Novice: 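Structure provided below as structure tokens; questions to follow.
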Amino acid sequence: MCGIFAYTGAKEAGNLLLEGLVSLEYRGYDSAGIYTPESGVVKTPGAVGALRKKMPKKYEGKSGIAHLRWATHGEPTEVNAHPHTGSGEIWVVHNGIIENFKELKGVLEKKGHTFASKSDTEVLAHLIEEHMKKEKNFEKATLKALNQVRGTYGVAVQYKGEPEKLIAGRMGSPIVLGIGKNENFIASDPSPILKHTKKVVFLNDGEMAVLTPKSHTIYKLTKELVKRAPEELDWSPEEAQKGGYEHFMLKEIMEGPEVIENTLRGRLIPEKGMAKLGGLESVTKELAKIERIIIVACGTAYYAGLVGEYMLEEFAGIPVEVELASEFRYRHPVLNQRTAVLAISQSGETADTLEAIREGKRKGALTLGIVNAVGSTIARETDAGVYNHAGPEMSVASTKALVSQLTALTLLTIFLGRQRGMSAKTGKEIAKELKALPKKLAAILSGKEAIEKLAKKYSGARDFLFIGRKYNFPIALEGAIKLKEISYIHAEGYGAGEMKHGPIAMIDENFPTFALAPKDSVYDKMLSNIEQLKARKGPVIALANEGDKEIGKLADDVVYVPKTLEMLSPILNVVPLQLFAYYFAREKGLDVDRPRNLAKSVTVE
Ligand code: F6R
């Protein structure tokens with residue numbers, strides 16, 4: 001998520017590190033920082049431009065570490081920016097979340113450590129310093145500390161006393177080493193490295209590397225030496241930013257499993273069938289009294305809200321309405337203190353959604369947010385909320401943000417459900433299946449070539465219908481919007497039950513339909529709808545569960561996905577539709593990441 005770049009060699013590190021950060025800036029960051037043992041630390045809110053302005057003209061050092069932060073925990077302030085330190089001896093830049101940082105902080109405070117920030121990363125710096133007291137060895141102390149932390153990290157660490165040496169570590173957050181001639185690098189992706197060397201080594205989870213200008217040694221956290229020859233990376237800088245994918249959209253779809261894990265991290269208590277949402281703690285009592293929720297959102301986020309409505313009503317027993325934010329603000333909604341208005345927004349800046357929240361506030365409702373961008377206006381103006389932790393979304397078409405919105409809505413359903421009538425058994429069942437989702441989604445993604453073929457086969461179509469029922473009705477709407485916005489063809493999403501009330505008149509052999517038909521409580525009804533389409537010669541692609549033999553006899557093509565709970569099926573089922581839209585638009589040679597007439601953040605009405 002955040003950007004890391006570190007250098008050790010013979011060049012002036014200050015400028016080199018700043019340039020490297022610029023090539024990581026494509027992700028859109030909100031604070032930045034740099035450290036060299038010779039000139040010390042400089043940190044600032046803003047990105048590289050702000051950092052450059054703040055740095056003294058003479059900023060020296062032949063090695064150093066630098067970071068761009070995209071806030072997840074804590075506001076984008078100077079104190080929260082990286083690098084972090086304890087007493088000024090050990091400096092750390094970190095991507096990820098240290099889950100047991102509160103526990104570790106408590107122990108360290110008892111030993112006399114005082115903390116400057118609320119950051120989990122600062123705890124790691126103190127922990128290494130604490131181990132240095134006994135070990136008197138930078139590598140051993142870092143190894144001990146990394147073995148103690150739980151959660152995810154990609155880190156680069158530097159010790160003032162050994163300026164030439166850098167240590168990298170990885171657990172769940174990417175780290176790549178750049179191997180140069182008498183100089184070495186650490187980065188969170190290869191983009192800042194490639195200008196200097198094409199030789200790279202990707203670290204695996206549970207590995208630590210020690211770099212000097214002339215050497216690099218990799219160990220497992222269990223201390224065994226790792227022998228891995230560097231590979232030559234023939235990527236252009238732009239390819240490097242996209243992780244080797246052709247477009248950000250595909251990269252972001254492929255991040256789905258990781259995104260689910262990040263949204264869930266530290267928030268599920270599976271053994272109790274409960275969810276812990278730190279962002280809602282301040283309003284727990286008010287939430288228990290809520291009698292109605294109104295979800296406000298736009299576009300894809302609105303469809304997430306529709307799935308949320310089904311979940312919250314079925315499992316938390318709360319009446320829910322979902323409103324297009326652009327409509328909500330212009331009518332006269334009846335609200336009171338026992339109504340919660342919940343905004344769903346990736347950017348946290350969508351003008352209509354923001355105004356809907358303000359309208360809710362004016363009328364005395366409790367306002368909540370499910371927001372991806374930390375510190376955004378909606379995040380600031382709502383009374384409480386849940387951050388998605390999906391990382392920055394670069395492609396205009398929203399994909400991974402939707403996966404995380406649906407995951408966050410499930411957590412909210414468990415949270416509110418357990419405050420009301422949901423049994424521990426149901427909570428446990430949902431939690432168990434939620435945890436299984438990343439693997440199931442990874443299996444879908446590994447079959448992306450089959451969806452690519454399908455998109456090619458249908459890419460001559462001028463119209464497309466998407467149908468689904470119950471939990472998958474909103475996913476049909478999403479399938480249509482995704483295809484429209486990036487391939488510019490006419491696509492409609494419909495509740496399958498509504499087909500006979502109008503849209504079926506359009507169907508002929510040139511008008512294909514994507515039918516969402518997982519084996520759920522409305523499966524038989526979906527089969528009838530598919531039969532009706534086939535009776536009018538309409539080509540049908542069905543999305544079905546693995547092992548469903550019946551559907552192959554009806555549909556022209558089938559995309560199989562693993563089975564999960566009905567309420568969770570949208571999280572899996574939406575991804576083949578995202579891939580379909582992606583490959584369809586790519587086949588047409590369109591600018592997938594920047595579709596015409598659209599902006600990533602709609603800050604006007
Ligand atoms: C579709 C898409 C848009 C956004 C909508 C809301 O792919 O990206 O429909 O979902 O503009 O944006 P946020 O979530 O930023 O409020």
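The first residue in the sequence is number 1, and the count goes up from there. Just follow the structure's listing: the first ligand is 1, and inside any ligand the first atom is 1. Since this is a predicted model, take the numbers as computed values, not measurements.
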Novice: For ligand 1, would you mind listing the residues that have at least one heavy atom less than 4.0 Å away, ordered by chain and number?
Specialist: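 Within 4.0 Å of ligand 1, protein side: C298, G299, T300, A301, S345, Q346, S347, T350, V396, A397, S398, K482, E485.
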Novice: How about D383 and T367: does a side-chain donor come under 3.5 Å of a side-chain acceptor?
Specialist: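 Note: D383 and T367 side chains meet the donor-acceptor criterion.
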Novice: Name every donor-acceptor pair, under 3.5 Å, that has one atom in a side chain of residues 370-380 and the other anywhere in the protein, sequence neighbours excluded.
Specialist:
from : atom 1 : to   : atom 2 : distance (Å)
N372 : OD1    : A390 : N      : 3.0
N372 : ND2    : Q346 : OE1    : 3.1
N372 : ND2    : G391 : O      : 3.0
S376 : OG     : A373 : O      : 2.7
T377 : OG1    : E349 : OE1    : 2.6
T377 : OG1    : E349 : OE2    : 3.2
R380 : NH1    : G375 : O      : 2.5

Novice: Identify, with sequence neighbours excluded, every residue that meets salt bridge (Lys or Arg N to Asp or Glu O under 4.0 Å) alongside K457.
Specialist: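 With sequence neighbours excluded, K457 shows a salt bridge (Lys or Arg N to Asp or Glu O under 4.0 Å) to D557, given in chain and number order.
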Novice: Please determine whether salt bridge (Lys or Arg N to Asp or Glu O under 4.0 Å) holds for the pair E359 and R329, giving the CA-CA distance in whole Å, both sets of side-chain angles, and the decisive distance to 0.1 Å.
Specialist: CA-CA 6 Å; E359 176 67 13; R329 56 185 291 204; over 6 Å; no
Novice: Tabulate below the donor-acceptor pairs under 3.5 Å that side-chain atoms of residues 306-314 make, not counting sequence neighbours, or state none.
Specialist:
from : atom 1 : to   : atom 2 : distance (Å)
E313 : OE2    : V320 : N      : 2.7
E314 : OE1    : Y471 : OH     : 2.7

Novice: Does F248 have K242 sitting over its ring (NZ/CZ under 6.0 Å from centre, angle to axis within 45°)?
Specialist: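 Yes, K242 sits over the ring of F248.
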